[in-house]
2 protein chains.
Amino acid sequence: MQSTQSYYPKQISFPKGQRVLLTNNIYNKNFFKPKSTAEAKVIAAKKHSESEKRRRMRINSQYTTLRAILPDLIKMDKASVLGETVRKVRELKKALTEVEAACHCGDRRDECVLPGGVDKLSVEQCEGEKGGLVKATFSCEDRLGLISDMTRALSCVKGRVVRAEMVTVGGRSKNALWVQGLGGGNEGVVALKRALKVVIDRPVLPRNII
Amino acid sequence: MQSTQSYYPKQISFPKGQRVLLTNNIYNKNFFKPKSTAEAKVIAAKKHSESEKRRRMRINSQYTTLRAILPDLIKMDKASVLGETVRKVRELKKALTEVEAACHCGDRRDECVLPGGVDKLSVEQCEGEKGGLVKATFSCEDRLGLISDMTRALSCVKGRVVRAEMVTVGGRSKNALWVQGLGGGNEGVVALKRALKVVIDRPVLPRNII
DNA sequence: GTGGACACGTGATAC
DNA sequence: TGTATCACGTGTCCA
């Protein structure tokens, strides 16, 4: 109702063309020019509706994609599809943050507590620690006698382990040792690193016992 | 254009007020009754359009929610919002499965390799293993001397550790020991469990060294 | 002035 | 039956 009232006055009541005085400006004004603008309007309206149809198709194709992604929600009205999508996104976000927090993954991957696939070794002074605390981190193939070898290497350099974290998973072992009593200088660190390198590089004997 | 053509004939072209001649059923049929149905049509149309408006609002509120959830996509047309939502859902799904696979979480949570928050102890025969292999799993507070205590407990029951997995994280320690040589019966299992329980229940001495 | 995006009212359809 | 959902054409605003 309102649309018709506002539409017709604009389209018909105001004839546009004012190309005056060819022969008769009355005809030119009231009949000739309005006819062509009316035709143009029809064409424009067709273009408009077709464009709007394409827009609707774009949106609706995304709805079908969404219905395909969401588990067994094939038949659902648009509002419910969107609502369920919101629920799903929130659920996935929450699950992701939870599992990342639980596994200590996703942040500082270079400091991952799980063993890496290649052998690594780093020995460094713990800053801000009195008494020359040194942290040694290394990753290697797990094997029988690994702890014995580590203990022997530590006793050789006269270090004392005050804290240790050891992870063995999938046949790979990662260990972090906090060692004290190596002496203040750099020699102790170098000696510890050399000793541990021998431990890491020792070949793995085949396990004859499961 | 088309709507006006189809609208006016139905609603306006039929003059309304004809409340004449109650005795004449011709009028009753052709004028009186159409008036009430025309009124009813208007009311129904109003109801219809309002209902449709509510539906649109439901859908649009979900769009705003979606725009709020998706990161910095505040200004986007509906089709793009849906497309971005699809992308986000797929990305989250993929990230979740990847991180679950990488951390071995999400499946068999009761067999999680990470230490639990409460002390636990289980000792059981490994099925299908010759030679009486026993697997002992326990979770406890980490402390200095834990490994020594474990070693002593194992030597007391005359068991031989053929494989071990040890995890210490966040001050909690989880250990899995595969022990052989306890004897065929159930007594060895019970003895090992009792010995390990002593280890677990031993109070944690305060760490005087970081 | 041209096209894109949106809201609106309406007819059609399914339950 | 009414009730809810959808597609459509249109008016309107904006860049």
Exercise. Between B:R55 (CZ) and D:dC6 (P), how many Å, whole number?
Worked result: 5 Å
Exercise. Is B:K120 close enough and on-axis enough to B:F138, meaning under 6.0 Å and within 45°, for cation-pi?
Worked result: no
Problem set entry | Nearest-Å distance for atom pair CD1/C1', residues B:I43 and D:dG2 | 15 Å
For this session: May I ask you to decide whether A:R55 forms a salt bridge with A:E52, counting only side-chain N to carboxylate O separations under 4.0 Å?
Result: yes
Exercise. With a 3.5 Å cut-off and just heavy-atom distances, do the side chain of B:H48 and the base of C:dG9 make a donor-acceptor pair?
Worked result: no
Exercise. Distance-only, no hydrogens or angles: does the B:S51 side chain make a donor-acceptor pair with backbone N or O of B:K47 under 3.5 Å?
Worked result: no
Problem set entry | N or O in side chain of A:K78 less than 4.0 angstrom from D:dA7 OP1/OP2 | yes
For this session: Nearest whole angstrom, please: distance from the P of D:dC8 to the NZ of A:K46.
Result: 13 Å
Problem set entry | Atom-to-atom span, OH of B:Y63 to P of C:dA5 - whole angstrom | 12 Å
For this session: Assign A:S49 to base, sugar-phosphate, or nothing according to its heavy-atom contacts below 4.0 angstrom with the strands shown.
Result: base
Exercise. Are the side chain of A:S80 and the backbone of A:M76 linked by a donor-acceptor contact shorter than 3.5 Å?
Worked result: no
For this session: Please report, rounded to the nearest Å, how far the P atom of C:dG9 is from the CE atom of B:M57.
Result: 13 Å
Exercise. Side-chain donor or acceptor of A:R56 under 3.5 Å from a matching atom on the base of D:dG9?
Worked result: yes
Exercise. B:R58 near the nucleic acid: base, sugar-phosphate alone, or nothing, with a heavy-atom cut-off under 4.0 Å?
Worked result: sugar-phosphate
Problem set entry | Length of the line joining A:R54:CZ and D:dG9:C1', which is rounded to integer Å | 14 Å
Problem set entry | Distance in angstrom units between A:K53 NZ and D:dG9 C1', rounded | 11 Å
Exercise. Short question: side chain of B:K93, backbone of A:I69 - any donor-acceptor pair under 3.5 Å?
Worked result: yes
For this session: Quickly work out the A:E50 CD to C:dT2 C1' distance and round it to whole Å.
Result: 16 Å
Exercise. Which residue, A:K47 or B:N60, contacts DNA chain C at a nucleotide closer to its 5' end, judged by nearest heavy atom?
Worked result: A:K47
Problem set entry | Donor-acceptor pair present, B:E52 side chain and D:dC6 base, under 3.5 Å | yes
